[in-house]
Structure formats: C-alpha cells, structure tokens
> 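Just dropping this structure here.
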Amino acid sequence: MAPLADAIGRRCSPNALSVAAFAIGLACAASAYAGLAPLSLGLWLLNRVADGLDGLVARRSGRTSDRGAYLDIVLDFVVYAALPLSLALGDASRAPSAATLLAAFYVNGATWMYLSSLLEKRGHGAAASGEPTSVAMPAGIVEGTETIVFFSLILALPAYAAPLMYVFALLTVLGAALRFAQGLKALKVEGF
C-alpha cells in the first residue's frame with residue numbers, strides 16, 4: 001500500500017485519514033443495523049483500508065505523532081464497539097452474543113493497554129523492540145487480521161452473526177488470558 005499512501009499523503013493528513021476511517025466505520029455500523037449486509041461489508045473493508053493508511057501515511061511522510069496514534073486507537077475502538085452494538089440493535093436475538101463480544105473486547109483491551117504502558121515505562125516498549133507503532137502490542141490470538149476476517153464474516157453472513165460473535169469472543173478471551181499470563185511474567189510478578 002506504499003504507493004497509495006504516498007499519493008494520499010500529499011493530499012491528506014494522517015489524522016484526517018483516521019477521522020475518515022472513523023466516519024466510514026460508523027456508516028458501516030449504521031448499514032449493519034439496517035440489515036444492508038453487502039453495503040456494511042463494503043464499508044467495513046473500506047474502513048480497514050483507510051485505517052491502515054493513516055499510520056502508513058504518517059510513517060512515510062514523517063508525520064507520526066503521539067496525538068495521531070491516540071486519535072487512531074480511540075476511534076478504532078469506537079468502531080469496534082459500534083459494530084456489535086448495531087448488530088444487536090438491528091436484531092435483538094443477537095444481543096447476548098454482541099454483549100459477550102463487547103465484554104471480551106473490554107477484557108482484552110485491559111490486558112494489552114495497561115501492559116503496554118508499563119512496558120513503555122520500563123523501557124521495554126515499542127521503541128525498544130523496534131515496533132512501528134507508538135506502543136508495544138503484545139501478541140494475542142485475535143489481532144488485526146483476525147478482526148478483519150471475523151467482522152467480515154459477521155457482516156457478510158448476518159444469519160450466522162450470533163455464533164460468529166461467540167467464537168470471536170472466545171478466541172479474544174483466550175488471547176487475553178495468554179497475554180495476561182505473558183504480562184505477569186514480563187513484569188516479574190511474584191506470588192499473590
């Protein structure tokens with residue numbers, strides 16, 4: 001995507017791309033709520049391209065910033081919350097699976113966000129490991145690619161949205177548990 005990032009970066013700031021990705025993500029959620037599966041899937045994929053471009057444009061144009069990284073992750077999380085919520089509001093039978101997925105996201109976020117800040121504080125974060133992001137993101141089971149795949153399947157196959165959200169939630173929680181164990185080891189926590 002480097003040539004695309006270079007072309008877009010001459011006309012658009014990374015933060016503007018983050019906001020555009022956010023708007024597209026909310027449009028995706030609205031179309032999912034309305035039951036417009038093909039449109040919601042297309043908007044989701046467009047959201048992921050725009051979201052991938054913001055960081056790439058920032059790095060390739062020398063416009064990386066903590067503010068931009070913060071804006072990007074917060075807006076991403078709003079979209080990640082809006083999708084299951086919109087699916088539940090559009091079809092109440094999906095509410096339990098959507099709530100389960102949102103709870104899994106909440107726990108998962110806690111396992112990597114605070115760990116990332118502690119690793120940064122200790123000098124073992126993104127800069128020390130050579131990661132191209134602002135914070136260290138310890139490996140999990142469900143990451144960017146898996147999130148794209150699961151949400152794509154959920155949006156493309158709304159009749160199977162509930163079981164897919166349960167599987168997505170289970171893998172997310174298993175990854176969170178793995179990350180939690182890795183975090184305790186990395187922080188050298190001894191006994192309780």
Side-chain angles (χ1 to χ4, degrees), residues 1 14-15 17-18 21-22 25 29 44 47-59 63-85 87-88 95-154 161-192:
M1 292 193 352
N15 289 348
L17 282 169
S18 294
F22 173 68
W44 167 248
N47 163 271
R48 294 295 78 209
V49 169
D51 182 59
L53 283 171
D54 61 3
L56 188 57
V57 165
R59 288 186 294 279
R63 293 184 279 177
T64 60
S65 70
D66 291 342
R67 182 179 180 177
Y70 183 65
L71 176 70
D72 178 45
I73 195 71
V74 170
L75 296 181
D76 284 352
F77 269 63
V78 172
V79 171
Y80 294 157
L83 286 176
L85 182 60
L87 289 163
S97 60
T100 302
L101 182 57
L102 287 169
F105 284 170
Y106 182 82
V107 171
N108 186 56
T111 65
W112 75 262
M113 286 187 188
Y114 196 65
L115 176 59
S116 293
S117 67
L118 292 172
L119 292 173
E120 294 296 330
K121 176 182 168 186
R122 292 172 174 222
H124 300 292
S129 65
E131 291 184 46
T133 61
S134 296
V135 296
M137 294 186 188
I141 294 172
V142 175
E143 297 187 19
T145 301
E146 295 81 10
T147 299
I148 293 169
V149 169
F150 267 102
F151 272 133
S152 294
L153 289 171
I154 289 164
L164 285 166
M165 284 192 278
Y166 280 126
V167 171
F168 193 5
L170 175 64
L171 293 173
T172 300
V173 168
L174 290 173
L178 175 66
R179 191 177 287 123
F180 180 69
Q182 292 169 341
L184 290 178
K185 183 177 178 182
L187 298 171
K188 296 184 180 21
V189 172
E190 299 175 8
F192 288 94

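In what follows, every heavy atom counts, from backbone to side chain, and hydrogens, waters and symmetry copies are set aside.
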> Excluding sequence neighbours, so at least two apart, what forms side chain to side chain contact (heavy atoms under 4.5 Å, CB included) with Leu153?
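Listed in chain order: Val149, Leu157, Leu164.
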> Side chains of Arg179 and Asn108: is there a donor and an acceptor less than 3.5 Å apart?
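On atom types as modelled, these side chains qualify, holding a pair under 3.5 Å.
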> Who pairs with Ser97 by side chain to side chain contact (heavy atoms under 4.5 Å, CB included), at least two apart in sequence or on another chain?
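Arg94, Ala162, Met165, Tyr166.
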> Output the distance between atom OG1 (Thr147) and atom CG (Leu83), rounded to the nearest 0.5 Å.
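Output value for this atom pair is 11.0 Å.
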> To the nearest 0.5 Å, how far apart are CG in Asp76 and CG in Asp51?
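Interatomic distance, Asp76 CG to Asp51 CG, rounded to 0.5 Å: 4.0 Å.
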> On the 0 to 90° scale, with breaks at 30° and 60°, tag the Phe105-Tyr80 ring pair as parallel, tilted or perpendicular.
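Answer is tilted, since the angle falls between 30° and 60°.
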> Mind checking the CG-CG spacing from Leu17 to Leu53? Nearest 0.5 Å is all I need.
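Leu17 atom CG to Leu53 atom CG measures 6.0 Å (nearest 0.5 Å).
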> Quick one: does Trp44's side chain get under 4.5 Å of Ile148's, heavy atoms only?
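They are in contact (side-chain heavy atoms under 4.5 Å apart), so the answer is yes.
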> Starting at CG of Leu85, measure out to CG of Leu101 and round the result to the nearest 0.5 Å.
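Result: 11.0 Å between the selected atoms.
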> Distance check, rounded to the nearest 0.5 Å: Trp112 atom CH2 versus Gln182 atom CD?
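Between atom CH2 of Trp112 and atom CD of Gln182 there are 14.5 Å.
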> Check Ile73, Leu75, Val79, Val74 against Phe77 for a side chain to side chain contact (heavy atoms under 4.5 Å, CB included) and give me the one that passes.
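The single option meeting the side chain to side chain contact (heavy atoms under 4.5 Å, CB included) with Phe77 is Ile73.
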> Compare all side-chain heavy atoms of Val167 with those of Phe150 and state whether any distance is below 4.5 angstrom.
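Counting from C-beta outward, Val167 and Phe150 do come under 4.5 Å.
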